Amino acid sequence: MSVIELSPAPAPAVAAATTVATVAAALRAALAPLIAALAGVPPRPVRLMRSAGLDKSLASRLVQATRAESDAEFLHRLPSPTGLRMLIDGAQGHADEALVDALALAIDAFQSLLDRLPGGRQGLDAQLGANEEDVRARREHMARQASFKAVSFLFGHYAETVSTALFIVPNPNGRHLDFIEVHRRIGLQRVTPGTAVPLLSLHVQDDVAPDDEEPRMTSLSGRPGAGDALDFILTEASGQPLPALQLEREGRINTFVLPGDSAAMPSPLTTGFRADRAHRLDEPGSSQILRIYMLHTPCHRLVRDVFVAESLWPRARPRISFFLPGPTGVPLAPPDPGRRHYRELNLSATIDPLPHGMPDDSKPWALAGVPDHQDTLALALQRAGLASQRFRGWRCEMAYPVPLIEMHIVVDNIEPPAGGQA
């Protein structure tokens with residue numbers, strides 16, 4: 001039987017952790033024989049339902065707890081003291097009285113522990129997750145799922161899947177990088193009738209700004225301006241008929257909005273644009289923030305693809321981090337891999353390599369459940385004049401992402417361009 005490992009900490013923290021370990025050991029020692037007596041060996045939830053009169057959910061959770069490999073996982077899966085006392089009540093007359101009494105004493109110690117911990121059960125799970133990766137991942141998933149249910153109601157809309165593909169290529173001027181982005185919303189739904197749904201925001205270039213250095217957002221084909229939504233919608237990869245979108249202008253930001261009185265909810269809805277001169281090649285540091293996303297559409301699944309031109313930064317690899325939004329107008333600080341920022345959140349995501357090259361018949365960039373995904377990316381690259389460009393790609397996929405927080409895409413192992421050129 002494994003035990004909860006204790007990390008070096010001040011004396012009060014060590015004492016608290018030791019108490020958690022002691023309570024976990026006592027609970028496991030008392031629960032396992034009682035479950036075996038009521039549900040057999042190996043235990044089955046249906047036997048526990050019949051012998052102790054428990055509902056399916058509670059019986060399943062108790063059996064799963066007895067199968068946990070570590071004490072941390074055991075405590076995480078364990079029902080609350082109230083649920084455990086329901087087992088005690090159901091076991092009366094069906095199991096040895098000494099087994100029932102032993103578990104009752106262990107439950108009292110468990111309740112006492114929760115009463116002393118700041119945050120009770122939530123505080124216990126947070127403490128367990130600090131040292132147990134599986135527990136942390138499970139707790140994080142539960143938190144994200146609860147967040148999705150809340151924000152989809154508050155926002156009034158959600159999507160089954162939101163995906164983005166970011167293609168990074170050197171600008172012909174040799175000093176900048178150009179970004180090509182493809183955004184997809186699949187299974188878009190209104191929760192609240194009459195809710196207006198923002199679909200795409202574009203930064204409009206200042207007409208008097210110097211045209212050779214300033215970033216510029218255009219359609220995939222390079223058409224400037226941001227007044228016509230059809231310039232940015234890939235109609236071939238969107239549901240039909242396309243509804244009329246309204247344009248909201250806020251300073252130099254233009255946002256296309258699906259009006260609240262629109263009956264049609266196109267699915268999928270695919271948009272794309274270019275951001276020329278989006279990043280300087282001579283930015284200092286081997287780690288750089290290339291893109292910050294802030295999700296505005298609650299969704300069941302989020303997919304972020306990153307593709308880097310094959311000739312660019314051969315050793316580079318992206319990573320994902322999450323932050324509370326920064327104060328308005330504060331410039332971004334260069335990422336420091338060795339120091340945790342005060343705005344960084346307890347969210348985790350992996351970004352895994354995709355096959356190199358271009359979309360072809362082997363479908364190296366396919367996305368499960370979205371049959372036309374690779375064809376859509378190929379279409380966007382063709383519109384952008386990059387049909388022959390080869391890329392190295394990565395994909396981050398996560399369930400129930402948290403909206404309205406910053407998702408930073410940081411690239412490590414960046415080599416400075418030779419002589420300042422791409």
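On a predicted model such as this, the values are computed, not experimentally measured, just so you know.
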request  = Carefully, step by step, assess Leu84 and Gln111 under the rule side-chain contact (heavy atoms from CB on, under 4.5 Å).
outcome  = CA-CA 10 Å; Leu84 291 170; Gln111 181 67 71; over 6 Å; no
Considering all heavy atoms of both residues, which atom of [X] and which atom of [Y] are nearest to each other, and what is their separation?
X      : Y      : answer
Pro259 : Ala244 : CD-O, 3.3 Å
Thr297 : Tyr158 : CG2-C, 4.2 Å
Ala384 : Arg274 : O-NH1, 3.0 Å
Arg392 : Ala316 : NH2-O, 4.0 Å
Pro325 : Arg343 : C-NH1, 3.6 Å
His157 : Pro198 : CE1-CD, 4.4 Å

message = Show, in sequence, the C-alpha distance, side-chain angles and deciding distance for Asp305 and Arg395, and conclude whether the side-chain contact (heavy atoms from CB on, under 4.5 Å) test is met.
response = CA-CA 4 Å; Asp305 289 345; Arg395 172 167 294 166; 2.7 Å; yes
Sort out for me which residue in [options] forms a side-chain contact (heavy atoms from CB on, under 4.5 Å) with [X].
X      : options                        : result
Ile180 : Leu220, Leu377, Asp276         : Leu220
Tyr293 : Val162, Leu302, Ile405, Ile409 : Ile409
Val182 : Leu379, Thr271, Leu381, Thr270 : Thr270
Leu312 : Ile168, Ile414, Val411         : Ile168
Ile233 : Asp228, Leu200, Leu199, Leu245 : Leu245

Main chain of [Y], side chain of [X]: is a donor-acceptor contact present, judged purely on distance under 3.5 Å?
X      : Y      : result
Arg317 : Trp394 : no
Asp55  : Leu58  : yes
Ser267 : Gly187 : yes
Gln64  : Arg77  : no
Ser51  : Leu38  : yes

[X] vs [Y] side-chain heavy atoms within contact, under 4.5 Å:
X      : Y      : value
His176 : Pro215 : no
Leu354 : Phe307 : yes
Arg175 : Leu281 : no
Glu397 : Asp352 : no

key: Atom CD of Gln382 with >12 non-hydrogen neighbours under 6.0 angstrom   =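 No, because the 6.0 Å sphere around CD of Gln382 holds 12 heavy atoms or fewer from other groups.
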task = Could you tell me whether Arg67 atom CZ has more than 12 heavy atoms of other residues or ligands within 6.0 Å of it?
result =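 Counting other residues, nucleotides and ligands, CZ of Arg67 exceeds 12 neighbours.
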key: Criterion side-chain hydrogen bond (donor to acceptor under 3.5 Å, both in side chains) on Arg61 and Ser57, from CA distance to verdict   = CA-CA 6 Å; Arg61 190 164 180 179; Ser57 176; over 6 Å; no
key: Distance-only side-chain donor-acceptor flag, Ser221 / Arg383, under 3.5 Å   =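 The answer is no; no qualifying pair exists.
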How far does [atom1] of [X] sit from [atom2] of [Y], to the nearest 0.5 angstrom?
X      : Y      : atom1 : atom2 : result
Asn254 : Met217 : CG    : CE    : 10.0 Å
Leu386 : Asp178 : CG    : CG    : 8.5 Å
Ile289 : His279 : CD1   : NE2   : 9.5 Å
Tyr400 : Ser152 : OH    : OG    : 10.0 Å
Ser311 : Arg390 : OG    : CZ    : 12.0 Å
Met265 : Arg185 : CE    : CZ    : 10.0 Å

message = Using side-chain contact (heavy atoms from CB on, under 4.5 Å), reason through Leu404 and Leu295 one step at a time and then give a plain yes or no.
response = CA-CA 6 Å; Leu404 299 187; Leu295 183 68; over 6 Å; no
request  = Indicate, with yes or no, if the rings of His296 and Phe155 have centres closer together than 6.0 Å.
outcome  = no
task = Compute the ring centroids of His408 and Phe322, then answer whether they are less than 6.0 Å apart.
result =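 Centroid separation for His408 and Phe322: 6.0 Å or greater.
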request  = Using the side-chain contact (heavy atoms from CB on, under 4.5 Å) rule, take Arg304 and Ile320 through it: C-alpha gap first, then chi angles, then the decisive distance, then the call.
outcome  = CA-CA 10 Å; Arg304 304 278 195 206; Ile320 302 293; 5.6 Å; no
Geometric cation-pi criterion, Arg291 with Phe179: 6.0 Å, 45° =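 Judged by the rule (NZ or CZ under 6.0 Å from the ring centre, within 45° of its axis), Arg291 is not positioned above Phe179.
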